[in-house]
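So you know, we letter chains A, B, ... as the sequences are listed, proteins then strands, and number each from 1. Computed from a prediction, not measured in an experiment: that's the story for all the values here.
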Amino acid sequence: MIDPRGLRFAAWATTLVLAVVLLTSSTWLLAAQAVVFALGTRGANPYALFWRRFLKRTQPAELEDARPPRFAQLVGLVFAVVGVLGFAAGAPLVGLLATAGALAAAFLNAAFGICLGCELYLIIRRTTTKGVSA
Amino acid sequence: MTGLLLLGAVLLLSTAAGLAHRSRSGKVRSSVPEGSLVPLLAELGEAPGERATLLQFSSAFCAPCRATRRVLGEVVELVQGVAHVEVDAEQHLDVVRRLGILKTPTTLVLDAAGREVKRASGQPRKADVLAALGQALP
């Protein structure tokens, strides 16, 4: 179980970093963000850890399941890796579009509390899984 | 330059999408009642409520599903003869397709005969569920 406010802070930090990547096309910054996502999939997002260590003032009203945000970090990681490969392979448009995708997800999460992966998860399962119920 | 344009486009489109989502999510809407879902409940190994049933579809990767479970649990405490049934959407994808459920949580309000009379996708507000039940109950 985790404090949702730390996640929200992490989403804002991610939004900021990805916006800077879009403006600078910095492969290294996006690679750094990919590492952040990778740590996030293990429940150790550095932004969230920073929030918990230095900014947390009060106890949370309620805690959230840790699995959905980890899944979301994995989605972010995939976008970031595609972006880094795009920039590194001399296809900056691929890098920018992948970054834009990750930015949209991070911003929706930060500003509206929407988990894009969660919204689409069932639709993806519906269309990719055939046949009878388990 | 491309990056700046992309940044503007992403922020604009995401804001529009976020606002649209906010206004739609959790709204309790009327459904066109079709057949009874009591046989389907039996298939799932669940019994309908005496007067109404709140049928919630959830998934493991879903924070608002937990909040919805709590809201519907409180409603069931308040209104007699209403059952809350929670179904794992991923375990029953055929049911999910048959009922046209696109996301979790989705809550169906079934009347005493087991027909769907209301539907909310997203986390519904307690007052809205109570109002929907007020209309659905005999």
Undergrad: Indicate whether the side chain of B:Ser59 and that of B:Glu90 have a donor and an acceptor atom separated by less than 3.5 Å.
TA: no

Undergrad: With side chains defined as the heavy atoms from C-beta onward, is the minimum distance between B:Glu116 and B:Glu34 less than 4.5 Å?
TA: no

Undergrad: Pick one of side chain, backbone, both or neither for B:Thr15, based on which atoms fall under 4.5 Å of a heavy atom in chain A.
TA: both

Undergrad: Heavy-atom distances under 4.5 Å only: say whether A:Ala19 touches chain B with side chain, backbone, both or neither.
TA: both

Undergrad: Could you tell me which portion of B:Leu13 (side chain, backbone, both or neither) has an atom closer than 4.5 angstrom to a non-hydrogen atom of chain A?
TA: neither

Undergrad: Quick one: pull up CD1 in A:Ile123 and NZ in B:Lys103 and give me the separation to the nearest 0.5 Å.
TA: 9.0 Å

Undergrad: Are A:Leu30 and A:Val35 co-members of a hydrophobic cluster defined by side-chain heavy atoms under 4.5 Å apart?
TA: no

Undergrad: Output the residues of residues 78-105 of chain A for which the shortest heavy-atom distance to chain B is under 4.5 Å, in residue-number order; output 'none' if no such residue exists.
TA: A:Leu93, A:Leu96, A:Leu97, A:Ala100, A:Leu103, A:Ala104

Undergrad: Counting only non-hydrogen atoms closer than 4.5 Å, does B:Val96 touch chain A with its backbone (N, CA, C, O), its side chain (CB onward), both, or neither?
TA: both

Undergrad: Quick one about B:Glu86 and B:Ser58 (side-chain donor to acceptor, distance below 3.5 Å, no hydrogens or angles considered), yes or no?
TA: yes

Undergrad: Atom CG in B:Asp111, atom OG in B:Ser31: separation rounded to 0.5 Å?
TA: 10.5 Å

Undergrad: Indicate, with yes or no, if B:Val117 and B:Val28 share a hydrophobic cluster defined by side-chain heavy-atom contacts under 4.5 Å among Ile, Leu, Val, Met, Phe, Trp and Tyr.
TA: no

Undergrad: Kindly assign one of parallel, tilted or perpendicular to the pair A:Phe50 and A:Phe9, based on the angle between their ring planes and the thresholds 30° and 60°.
TA: parallel

